[in-house]
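Following: one structure in structure tokens, then a few remarks.
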Number of protein chains: 2
Amino acid sequence: MLTTGGCPRNILTIKDALEAIEGRWRLLILFALSGGSRRFGELSREVPGITDKMLSKELKNLEAHRLITREVTAGFPQAAIYTITDHGRSLERVMIELHYWGLLHRQEVMGR
Amino acid sequence: MLTTGGCPRNILTIKDALEAIEGRWRLLILFALSGGSRRFGELSREVPGITDKMLSKELKNLEAHRLITREVTAGFPQAAIYTITDHGRSLERVMIELHYWGLLHRQEVMGR
DNA sequence: CAGTATCCGACAAGATACTG
DNA sequence: CAGTATCTTGTCGGATACTG
């Protein structure tokens, strides 16, 4: 059981975590990449609803937070390969719990 | 290990979950409430950085998603008591993992 | 293929002042 | 005490067109 214990440290830790992964897209991109490296176009198709603009922006943000790496191959046509880092992979437990809770939430609110 | 397996169902489940808890504030409010019921003013002080306007808006959102309940006492001065629901409590595992990851993230990115 | 540029509307969010 | 009203700024996010 989580307790704040009158101390704001725990909630500040969560706030720090949220600062890195907050928003509609970042966890979805990481989840897609947890199944293996992807190219830009693959992510554009696999992340439901995202536009290329947001994908581009969020990929840079994830890279800045060291959650993914970007590698561009030589040759033509060029390919950009995005890969989750070990640090990004350490978010898998969060994603697993979130996925599990998503199933619960559907039953609770959506009734299916 | 999570796999997408060419099937978008898992990622859609996470997207549904995120729709309910996305943003800077909702998980922080729920985390505060996981330590026990709170009044508006208590939350205003305990959730770091939130304004009354955002707190009011997000509390309504959380109530609409059945993650918290709101109860107003008779008498004066009035008191509004916010309490996490069982469904909100089912997010505790997500919050625990997020808190744990926040500690890792500090070490990785912030170097402390 | 992998993005960027531009334009636009909607909403998040803070500051301040105010009400029952 | 528990919010709401108003105003302003910034960012989100979609649409479309475009480039190396």
Side-chain angles (χ1 to χ4, degrees), chain A residues 11-12 14-33 36-65 67-84, chain B residues 11-12 14-33 36-65 67-84:
Chain A
I11 204 168
L12 285 175
I14 294 191
K15 196 180 187 192
D16 284 346
L18 285 174
E19 196 272 326
I21 61 168
E22 172 215 328
R24 290 229 283 262
W25 304 119
R26 258 120 79 177
L27 274 178
L28 292 180
I29 294 167
L30 285 171
F31 181 74
L33 291 177
S37 296
R38 295 283 192 283
R39 300 170 61 163
F40 187 90
E42 292 173 323
L43 289 171
S44 181
R45 271 173 265 120
E46 284 180 33
V47 177
I50 200 168
T51 61
D52 284 356
K53 188 181 82 170
M54 291 310 297
L55 180 56
S56 174
K57 180 191 297 186
E58 299 294 19
L59 285 171
K60 281 174 183 163
N61 183 292
L62 289 168
E63 201 184 354
H65 281 98
L67 298 171
I68 64 171
T69 59
R70 174 179 185 268
E71 183 188 1
V72 181
T73 66
F76 191 87
Q78 70 178 220
I81 309 293
Y82 294 93
T83 305
I84 195 167
Chain B
I11 204 168
L12 285 174
I14 295 192
K15 197 180 185 190
D16 284 346
L18 286 174
E19 197 274 326
I21 61 169
E22 173 216 327
R24 292 229 281 262
W25 304 118
R26 259 119 80 176
L27 275 178
L28 292 180
I29 295 168
L30 285 171
F31 181 75
L33 291 177
S37 296
R38 294 282 192 282
R39 300 169 61 163
F40 187 90
E42 292 174 322
L43 288 172
S44 180
R45 271 173 266 118
E46 285 181 33
V47 177
I50 200 168
T51 62
D52 284 357
K53 189 180 83 171
M54 289 311 296
L55 179 56
S56 174
K57 179 190 296 186
E58 298 294 19
L59 285 170
K60 283 175 181 163
N61 183 292
L62 289 168
E63 202 182 355
H65 280 97
L67 298 171
I68 64 171
T69 59
R70 174 180 185 267
E71 182 189 2
V72 181
T73 67
F76 191 87
Q78 72 177 221
I81 309 291
Y82 294 93
T83 305
I84 195 167

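We name chains A, B, ... by the order of the sequence lines, and we start the count at 1 in each one.
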Could you tell me the separation between the CD1 atom of I29(B) and the C1' atom of dA13(C), rounded to a whole number of Å? 13 Å

Using Watson-Crick and G-U wobble pairs with both distances under 3.5 Å, what is the 5'-to-3' dot-bracket string of DNA chain D, with [ ] for crossing pairs and | for pairs outside the strand? ||||||||||||||||||||

In terms of the nearest nucleotide of DNA chain C, which residue is placed more toward the 5' end: K60(A) or F76(B)? K60(A)

Strictly below 4.0 Å: does R26(B) bring a side-chain N or O up to OP1 or OP2 of dA12(C)? no

Distance in angstrom units between E46(B) CD and dA2(D) C1', rounded: 16 Å

May I ask you to verify if any side-chain N or O of R39(A) is less than 4.0 angstrom from the OP1 or OP2 atom of dA2(C)? yes

Do any side-chain nitrogens or oxygens of Y82(B) fall under 4.0 Å of OP1 or OP2 in dG3(D)? yes

W25(B) side chain near dA12(C) phosphate (N/O to OP1/OP2, under 4.0 Å): no

Whole-Å distance separating the CD atom of E71(A) from the P atom of dA2(C): 13 Å

Determine: side-chain N/O of R70(B) to OP1/OP2 of dG3(D), distance under 4.0 Å, yes or no. yes

Is there a side-chain contact between R24(B) and the phosphate of dC12(D), meaning an N or O under 4.0 Å from OP1 or OP2? no

Taking OP1 and OP2 of dA2(D), is either one under 4.0 Å from a side-chain nitrogen or oxygen of R38(B)? no

Does any residue of residues 50-59 of chain B have a heavy atom under 4.0 Å from DNA chain C, and if so, which ones, in number order? T51(B), K53(B), M54(B), K57(B)

